[in-house]
Q: 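Once you've had a glance at the structure underneath, I'll fire off some questions.
Chain naming here is simple, since letters A, B, ... match the order of the sequence lines and numbering starts at 1 in each. It should be emphasised that the depicted structure is a prediction, and the values quoted were computed from it without experimental measurement.
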Amino acid sequence: MLEISGLVSGYGRISILHGIDLRVEKGELVALVGVNGAGKTTLMKTIAGLIRPTAGRIAFEGSEIAGEGAERAVAAGIALVPEGRMVFPRMTVWENLMLGGVHPRARPYREATLERIFDLFPRLAERRDQKAATMSGGEQQMLVIGRGLMAQPKLLILDEPSLGLSPLLVQETYGALRKLNADGLTILLAEQNVKLSLAVSNRGYVIENGKIVLTGASSDLARDPATRKAYLGRL
Amino acid sequence: MSAEVLLQATVQGLQMGAIYALIALSMTLIFSVGGLLNFAHGDFMALAMYGALALYQSFALDAYAAAPLLFFGFFLLGFLMFRRLVQPVLAAGVLAGAQLTLGLVFVQENFLLMVFGGDYLSVPTVLSNKNLVIPPLTMPWPLLVGSLLAVVLAAILYVVLMRTDFGRQVRAITQNSDAAALMGIRIDRVQAIAFGIGIGLLGLTGAIIVAQFTLTPAMGLDFTLIALIVMVIGGLGSFAGSMIAGAIIGVSESLGSLLYGGTVGAMIPYAILVLVLLFRPHGLMGEH
Amino acid sequence: MHDSRLLSSTTLPWIAFLAVALAPLAMSSSWTNMAILTLLFVHLCIAWNLVGGIAGQFCIGHSLFLAAGAYTSTLLSIHLGITPWIGMFAGAALAALIGVFIAWLSFRYELPPLSFALVTIALAMLGYLAISSIDFLGASRGLTLPVRGTPAMYQFRSDTTYYVVILIQVIIALALSMWLYHTKIGLYLRAVRDNERAAHAIGVPVLKYKMLAMAISAALTAFGGTFYAQYLQYVEPHTFAGINIVIQIILLTVVGGTGTVWGPVVGPMLLVPAGEWLRHSLGGSLPGVHLLVFGVLLVVVIRFAPDGLIGAFGRARQAWRFRRGATEVVTR
Amino acid sequence: MSRLSRLAAVGALALMTGVMSVAPSFAKDVKIGVLMPRTGRYAETGLSVVRGIEMVVNNTNAAGGIKSLGGGKINLVIADNGSDPTKTSLEARRLMSEEKVSFILGPYSTPEAQAFMPVADRYQVGGVGLQTTVIPTTPYFSTISISAEGFGKAYADAVKWLISKGAKINTVAITYANNDYGQVVSKTAAAALAAQGVKVLESIAVEPSVKDMTPIVLRVKSLAPDAVISVVYFQDGVLLHKARFNLGYTSPIWLGGSAGFSDDKLWGTLGKEVAEKTLTSSFGLAFYSADGKLPGLKDALQKGTAAYPDKVLDQSFMFGVQAARFLVQALENAGTDDPVKVNAAFRGLKFKAGDPAIVLPIIPGDVHYAEDGTLAGTSAIFVQWKDGAKHTVYPEAVASAKPIIEGVK
């Protein structure tokens, strides 16, 4: 579904990604793990069209989307749930969700999708008319995921969804992701939390200094001594 | 001072205040586009007023009839201007944007001076010199129409921004433009349309209030300052706040002039601005 | 290697500046007057840039400082016979006091940048309205300085002397601004500009440095005000306390490049003579046409170089080096 | 007388005539600066002034130049001061030090004049201010207009005249534009009125950039004065009349000026409806009115129409004509292009009533320069509007119509 090859990208003249190759097949849940600063966020943003790559290809369902901008990525069916819970702070939960489905591709299904999201995250339904800024971190994370789903994505990309959440909320969030994947949604997940993300995913990539250093089935990666060594503290 | 005179001055101040609010409304809308502080605001309105004059002189078109034309004309002007000029500069920062509009003040003032000359001009309209008299009050019709329009436009803008997808997109861009991009919102287009509507509203405003003022090429800056004051006191981005702030400024200016003379009247808006900014930095109705 | 780079980045601009600044001495006297006006704006732009550029505070209240310098020295000269050479320091002290107060006010009430700009506009307008109404300050008609005609009273027979005075002022201001920019203070100020909260968090005494920048900027502006008043030998609210001159100062600095050492020098040195040239060559044809062209020029520069000519120059040079570097790699 | 000496005398005479007949070689041209706004706020006015000056100079040159200079021609060096005091100072320095002009016609406004005077004093080159209402502080600057102080007195004189015509004026309210002109006029008028025993209820300042005059008119109304004096410019004048019209407050005797009551374009800008209710009963102070009964004015109007058939010959044009005619006379009297002597000749000008050099109706009688550089013998005129045209009603010496006074038959 998603095929990345030789991707070079970064900010201005400074390259952060030095030739990334990565694939995600339809229906997979793929994890991208790496330490802070390894280039995960840059890769996510480049896929979502926020950053224009300097070289390489990003093919989604066979068509090239590299450097075409965020609007093109959304139109193709990619939704990025950014890190840092980028909600629209002075808007209500409902307004945030509506914005998620504002793209013409998603607009006709908004009401139906909204029902599904409220089923998935009942707490969002309770807080429907509350301003996003006044909600807790966990609730904001749910909101951002919900907003991403409103775009009717074929591929949902999540950047550090567990960052700064209590273990209980992390469990809840990951539960929801697993459920979504089971329902047929393709997911690409970038995480520092190696243990957790490898536990839920089918396959995994390890990124270091802007390069993919290891790849394989998640269960293999979790047992791999190299991964264990690199992320000892986290295992 | 008799109660009658005080009442008349208060009503007059309220109407002037509504006009100020009307000018501040479009400034608020423009501000919501990437935080642009438009120092050329009053000059765009002056341009519209001269536009009304030109339409009257060439086609004997009444300013009120010209208002929709000017709205569309200025919408296009604003849309194109945003695309070609404002947006690239705004990308370099909000201050660069403000500085650009300072440059536009120069351009517009002198364009008007070149085309229309420096004389004071006036545009007669169907409502010129017509008063609504409800003893003991006298209310000039141009002011009344302007005030009513201010209220109506504020309501429409409120609904558009708060209750429509377009409005939500504009607000989303203001609050977090990266996240807005991720929603598939075409930021430049939404911003250009919003900016166009803001400038278009100025075209409309200029035509509606032209009967009340005398035209001179350098008139813009005074209106910019008053609009800035009203917008800031009301709270950036708050249409209801602009209406209230307009009323406060209009009435205090009017009563100040009545009771203490014109110089004090002219100083009052600035004094209120300083006090409000110090004690309520986000304005009367602004959100934090 | 290191030394030669230092030479090229600091000494060369100085040499270029002095060469251009001294050129009018060799020309006719109308050039001297143009040079005086230009250097006056260079001085005022350098002063504004300390606050508006380096410290990133969009201050529109500099007319207050200009007025403080112009009026204080003039009043002392008229009423007490005190020479403006001394009066200029009184004016600078008063301006610095006002500046420190504004800086304190904005810090105390945590004004966001935009609100700061508006508060300073409002204070400037209040100052203008007050000065135009107070009889002691000459009200709207202004004050005329008595003709005393002696250098001791800051009055010279030759325009060249005025020119030398403002040139020395500019050199002092420029040296001061350079020193500020390259020392710890400048570093702190730029940190405040880029992120005030972060600067505060890492222990930069934000208030102290804001007040310092404002005080220096205000005092320098006041010195400019004294010079301007003595050169014209009269003061009047529209010229000395109106916000028009501040808008001019800001635009000239912006075109040169705000927040840089040489931006406020380059902007006025190019645009003041250009403006005069336009006025002479186009002014007679249609009223306003020369200012229209001037305005379009400003807008075009801001459009294509929002960081000013200095920024654009820097980028061009970098691109050139980059390209040259790339070719070197290829040939090797 | 011996034959020899007679011969010598005849020879000398012949020599002189011979020299005179080849005048071009002897004629001394004289360079005159014109320092007027051609750009900025007062651009229109400045351009009109320059037209007036150029007309007089062209006519003079065509008629044989300055006779005392052997038929020397006047060469104008026109400089633009951008309606700005700083540029006035710069351009004045250039004209004096570089162009070496003998005299300067200009500048235009009071702030410009104040920037001009120190320069004139330093270079000892004279100048003449046109619409400057400041009293000169240097012997090298003179004015043609009336000083602000003079205007203040003119209002008081007009009130005295109205009372003599039967108007009942015991109390007066003053509104004034809060700038150099308004402040001085209102102060002088108030003092002069008080000296005449008329009570000044209040002097109300109005910022020239005011957007609405209603509160001010309401304040005046609540004072209920017998007469009102409004020192206003064009824009605030228009707003004043509109506010009076809207509030229906037209009862007291209203005097005002200058542009806000007497500008040629005022009637058209206000529109007939408002103008008839407010202007026809008011007394507008003016510098100039085309109906003034002066032979010089008739001549200037005729020549102006011939020279500029498509231009309005307004007040500014006539000021230009007046300044240039004064200069031509001063040059004739001086017989030199030495700046100091030309300036002295200018200051020494004297004209009898009805002299063809006089074009401004503000100079009805004998006129000369006073010690301080202002014109002695000037007197402001007051006009009343009727059907879009102005008619001079005061002083009676130059009046072309009878006044219509509120409450007087």
Q: Heavy-atom distance under 4.5 Å to chain B: side chain of Ile204(D), backbone, both or neither?
A: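 When you check distances to chain B, only side chain atoms of Ile204(D) fall under 4.5 Å.
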
Q: Quick one: what part of Leu223(D) sits under 4.5 Å from any heavy atom of chain B, side chain, backbone, both or neither?
A: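 When you check distances to chain B, no heavy atom of Leu223(D) falls under 4.5 Å.
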
Q: Shorter than 4.5 Å, heavy atoms on both sides: which option in Val220(D), Thr269(D), Ile216(D), Val206(D) has the most such pairs with chain B?
A: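 Result: the option with the highest number of such pairs is Thr269(D).
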
Q: Can you tell which part of Val210(D) gets under 4.5 Å to a heavy atom of chain B, answering side chain, backbone, both or neither?
A: neither

Q: Check Gln15(B), Gln212(B), Gln12(B) against Asp212(D) for a side-chain hydrogen bond (donor to acceptor under 3.5 Å, both in side chains) and give me the one that passes.
A: Gln12(B)

Q: Looking only at heavy atoms and a cut-off of under 4.5 Å, which of Ser257(B), Ala266(B), Gly265(B), Ser2(B) has the most pairs with chain D?
A: Ser257(B)

Q: If we count only N and O atoms by modelled type, under 3.5 Å, do the side chains of Glu112(D) and Tyr42(D) hold a donor and an acceptor together?
A: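 Not at all, the side chains of Glu112(D) and Tyr42(D) share no donor-acceptor pair under 3.5 Å.
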
Q: Between Lys221(D) and chain B, with a heavy-atom cut-off of 4.5 Å, which part of the residue counts as in contact: side chain, backbone, both or neither?
A: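 Lys221(D) has no heavy atom closer than 4.5 Å to chain B.
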
Q: Given a strict heavy-atom distance threshold of 4.5 Å, which part of Glu273(D) is in contact with chain B: side chain, backbone, both, or neither?
A: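 It is the side chain, since no backbone atom gets that close.
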
Q: Measure distances from Ala9(B) to the heavy atoms of chain D and classify the residue's part below 4.5 Å as side chain, backbone, both or neither.
A: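 Answer is both: backbone and side chain atoms of Ala9(B) are under 4.5 Å from chain D.
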
Q: Quick one about Thr110(D) and Thr133(D) (side-chain donor to acceptor, distance below 3.5 Å, no hydrogens or angles considered), yes or no?
A: yes

Q: Check the side chains of Ser48(D) and Thr45(D) for a donor-acceptor pair under 3.5 angstrom, ignoring hydrogens and angles.
A: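 Per modelled atom types, Thr45(D) and Ser48(D) side chains form no pair under 3.5 Å.
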
Q: Side chain, backbone, both or neither: which part of Thr138(B) has a heavy atom under 4.5 Å from chain D?
A: side chain

Q: Measure Asn131(B) against the heavy atoms of chain D and call it side chain, backbone, both or neither at under 4.5 Å.
A: side chain

Q: Looking at Asn129(B), Val123(B), Val5(B), which one has more heavy-atom pairs under 4.5 Å with chain D than the rest?
A: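 Option with the greatest count: Asn129(B).
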
Q: Decide whether Tyr120(B) and Asp263(D) meet the rule of one side-chain donor and one side-chain acceptor closer than 3.5 Å.
A: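 No pair is found: no donor N or O on one side chain lies under 3.5 Å from an acceptor on the other.
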
Q: Would you say the side chain of Thr305(D) lies within less than 4.5 Å of the side chain of Leu313(D), judging by non-hydrogen atoms?
A: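 Result yes, sub-4.5 Å side-chain heavy-atom pair found.
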
Q: Please flag which part of Thr214(B) lies under 4.5 Å from any non-hydrogen atom of chain D: side chain, backbone, both or neither.
A: both

Q: Identify which part of Asn178(D) has an atom lying under 4.5 Å from any heavy atom of chain B, answering side chain, backbone, both or neither.
A: side chain

Q: Hey, what's the ring geometry for Tyr50(B) with Phe116(B), parallel, tilted or perpendicular (30° and 60° as the breaks)?
A: tilted

Q: Is the number of heavy atoms from other residues, nucleotides or ligands within 6.0 Å of OH (Tyr260(B)) greater than 12?
A: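 No, OH of Tyr260(B) has 12 or fewer neighbouring heavy atoms, counting only those of other groups under 6.0 Å.
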
Q: Taking the ring centre of each residue, are Phe287(D) and Phe151(D) less than 6.0 Å apart?
A: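 Aromatic pair counts; centres sit under 6.0 Å.
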
